[in-house]
There are 2 protein chains.
Amino acid sequence: MKHNIDELGWPSLIDVQPAAGLIPISLRKQAERLDALAHETLFRTGDPVRYVYLVISGEARLVRLARNGSEAILQRSRGGFIAEASLDSRSYHCDAITTEPTTILLVPAATFRAALEEDPMFRRAWQSQLAKEVRKLRAQCERLSLNKAADRINHYIESEGVNGVLTLYQSRMSWAAELGLTHESLYRTLRRMQDDGVLDVDGARLVTKS
Amino acid sequence: MKHNIDELGWPSLIDVQPAAGLIPISLRKQAERLDALAHETLFRTGDPVRYVYLVISGEARLVRLARNGSEAILQRSRGGFIAEASLDSRSYHCDAITTEPTTILLVPAATFRAALEEDPMFRRAWQSQLAKEVRKLRAQCERLSLNKAADRINHYIESEGVNGVLTLYQSRMSWAAELGLTHESLYRTLRRMQDDGVLDVDGARLVTKS
DNA sequence: CGTACTTTTGAATCGCATCAAATCTGGTGG
DNA sequence: CCACCAGATTTGATGCGATTCAAAAGTACG
């Protein structure tokens, strides 16, 4: 179900989601709100690009299905844009799904492009956002080119956590997929790292100790 | 050695390198040309961002050295920008090197940023460039999360080649590193794929036959 | 309470990394 | 021109580590 965001009754978007603060007021007025359940499809490969999607709460993912049926996670967004790089494409080249109940802000793509032309602050923020995504993806590539599970885990904690401490906002199964590992492999490696005393695991809190 | 690009005696940059055509004339006048040998360092981790680097000919790479001494290739540019995403950073978080004699256009970062503010065409081209880089990196991540060498090779040919045909512009050793494989593994897999009749290898020309 | 999913452990297998070494290649200097 | 060298290419043998298949136990939720 879509709502006009003026119906919100939320605190200001800025409080809820920093990225939303970057969107000019004029743009927010034209945005709609979408409350999606878990495992809903936002768009599919080949769909025309109609909206810019901003995840307010919950989680959305870009996925692509390989021939053998395995699923690659191309992006995982919890608060922030999803499929930013499609803004200058006609259509999508992957699918977007939710993994849990998720609230999304839909900004019409044409309106969004116009705002980029007119609002210098917004434009800088957008460029900065794209650059940040590039750096994040480079880190991900670097991580995936490590071929030991423990190395990938450490790399993830170093680059996504703060000072060797990481709070995980996803199940280990999903994390395993993001790390390019099977879940069995991840579980076993986490266990071994604990036994070896190089990692401290307390629920979703992971601390490197080396 | 750096030259003012007016000393060029080149054909127009547009003919040499399409990406350069996106740079406004005013900006080109302030750019310098750098002729680097193979294995030169353009900048190191921590260096302040002074220039935007545009590779005119040859090859530049972003690399990061892991603790164990192995080297991860974060970007490989043959004609086009390198480290685009650093434009909004103070300093670099990886190293840039050349792998062969390379000619580079150095545009002062401040000048570049000013041009982005003032020239709408240029700005759109830049955003499009960043978006393209994002898509390319997503493809790279998807590829690295395949765990069979043959799958990565096929994926590379599909996404970097045209209609299942790819011309390789680097040694197989470098390609192996980009694919996240050892060179031995790559050689053996290429051989096996040929023997199995799913791939045709003729020097730098690779054709999938399945 | 039952169902779906996650977490966990086990055993067997396969593929890649690793180490080693030979051959081939292009470029340099004598 | 040839000897030489550095790097790329190629083949071989071995071991490790991740995948795979299987299954049990734990957990959240209606």
Side-chain angles (χ1 to χ4, degrees), chain A residues 37-39 58-59 61 66 68-73 97-101 143-156 168-196 198-199 201-206, chain B residues 37-39 58-59 61 66-73 76 97-101 143-156 168-196 198-199 201-206:
Chain A
L37 300 175
H39 312 294
E59 179 177 300
R61 289 186 187 175
N68 58 5
S70 71
E71 171 184 292
I73 301 176
I97 56 168
T98 59
T99 56
E100 57 185 272
R143 186 180 309 130
L144 288 173
S145 64
L146 302 172
N147 35 29
K148 293 222 177 62
D151 291 343
R152 292 194 196 170
I153 290 168
N154 279 326
H155 186 288
Y156 193 94
L168 208 60
Y169 293 106
Q170 63 182 325
S171 74
R172 293 178 191 207
M173 287 206 93
S174 323
W175 191 30
E178 193 176 350
L179 290 173
L181 300 169
T182 58
H183 61 278
E184 296 97 325
S185 210
L186 176 58
Y187 286 124
R188 278 191 256 260
T189 307
L190 284 176
R191 162 60 61 103
R192 197 173 334 112
M193 290 172 81
Q194 283 184 83
D195 293 348
D196 294 350
V198 297
L199 183 69
V201 181
D202 173 24
R205 184 184 160 86
L206 306 173
Chain B
L37 300 176
H39 312 295
E59 179 177 301
R61 288 187 189 173
R67 248 156 285 210
N68 59 5
S70 71
E71 169 183 293
I73 301 175
R76 191 175 67 91
I97 56 168
T98 59
T99 56
E100 58 185 273
R143 185 180 311 131
L144 289 172
S145 63
L146 302 172
N147 35 28
K148 293 223 176 66
D151 291 344
R152 292 194 196 168
I153 290 168
N154 279 326
H155 187 286
Y156 193 94
L168 207 59
Y169 292 107
Q170 62 183 327
S171 73
R172 293 178 192 206
M173 287 205 93
S174 325
W175 191 30
E178 192 176 351
L179 290 171
L181 300 169
T182 58
H183 62 277
E184 296 97 324
S185 210
L186 176 58
Y187 287 125
R188 278 190 256 260
T189 307
L190 284 175
R191 161 62 60 102
R192 196 172 337 109
M193 289 172 80
Q194 282 185 83
D195 292 349
D196 294 350
V198 298
L199 182 69
V201 181
D202 174 23
R205 185 185 160 84
L206 306 173

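In the text below, chain A, chain B and the rest are named by the order of the sequence lines, each starting its count at 1.
Picking from D:dA18, C:dT7, D:dA8 the nucleotide with the shortest atom distance to the side chain of A:Ser171 gives C:dT7. Comparing C:dC16, D:dT10, C:dT8 by their nearest atom to the side chain of B:Lys148 picks out C:dC16. Here the side chain of B:Ser185 is nearest to one of D:dT9, C:dC16, D:dA18, namely C:dC16. Side-chain proximity of B:Glu184 to the nucleotides D:dA18, C:dT7, D:dG12 is greatest for D:dG12.
When every heavy atom of B:Leu37 is checked against every heavy atom of B:Thr98, the shortest pair comes out as O-OG1, 2.6 Å.
The residue from A:Leu206, A:Leu146, A:Asp151, A:Leu168 that alone fulfils the side chain to side chain contact (heavy atoms under 4.5 Å, CB included) condition with A:Tyr156 is A:Leu168.
Put simply, B:Tyr187 has no side-chain N or O that comes within less than 4.0 Å of OP1 or OP2 on D:dT10. When the side-chain nitrogen and oxygen atoms of A:Thr182 are compared with OP1 and OP2 of D:dA18, none of them lie within a distance under 4.0 Å.
If one axis is set at each end of the helix from C:dC1-D:dG30 to C:dG30-D:dC1 from five pairs, those axes are 50° apart, to 10°.
Rounded to a whole Å, the CD atom of B:Gln170 is 15 Å from the C1' atom of D:dT9. The separation between A:Ile153 atom CD1 and D:dG17 atom P is 14 Å, rounded to whole Å. In this entry the distance linking CZ of A:Arg191 with P of C:dT6 reads 20 Å, nearest Å. Taking atom CG on B:Asn147 and atom P on C:dG15, their separation rounds to 11 Å, with Å as the unit. The separation between B:Arg188 atom CZ and D:dT14 atom P is 13 Å, rounded to whole Å. Between the CD atom of A:Glu100 and the C1' atom of C:dC5 there is a distance of 15 Å, given to the nearest Å. At whole-Å resolution of the value, CG in B:Leu186 and P in C:dT18 are 15 Å apart. Following rounding to the nearest Å, B:Asp196 (CG) and C:dG15 (C1') show an atom-to-atom distance of 15 Å.
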Under the side-chain contact (heavy atoms from CB on, under 4.5 Å) rule, what do B:Leu190 and B:Arg172 come out as? Steps first, then yes or no, please.
CA-CA 10 Å; B:Leu190 284 175; B:Arg172 293 178 192 206; 3.8 Å; yes

Between B:Trp175 and B:Ile153, does the side-chain contact (heavy atoms from CB on, under 4.5 Å) criterion hold? Intermediate values first, please.
CA-CA 10 Å; B:Trp175 191 30; B:Ile153 290 168; 4.0 Å; yes

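Looking at B:Ser174 and B:Arg61, their side chains do bring a donor and an acceptor atom within 3.5 Å of each other. Between the side chains of A:Gln170 and A:Glu59, no donor N or O sits under 3.5 Å from an acceptor N or O.
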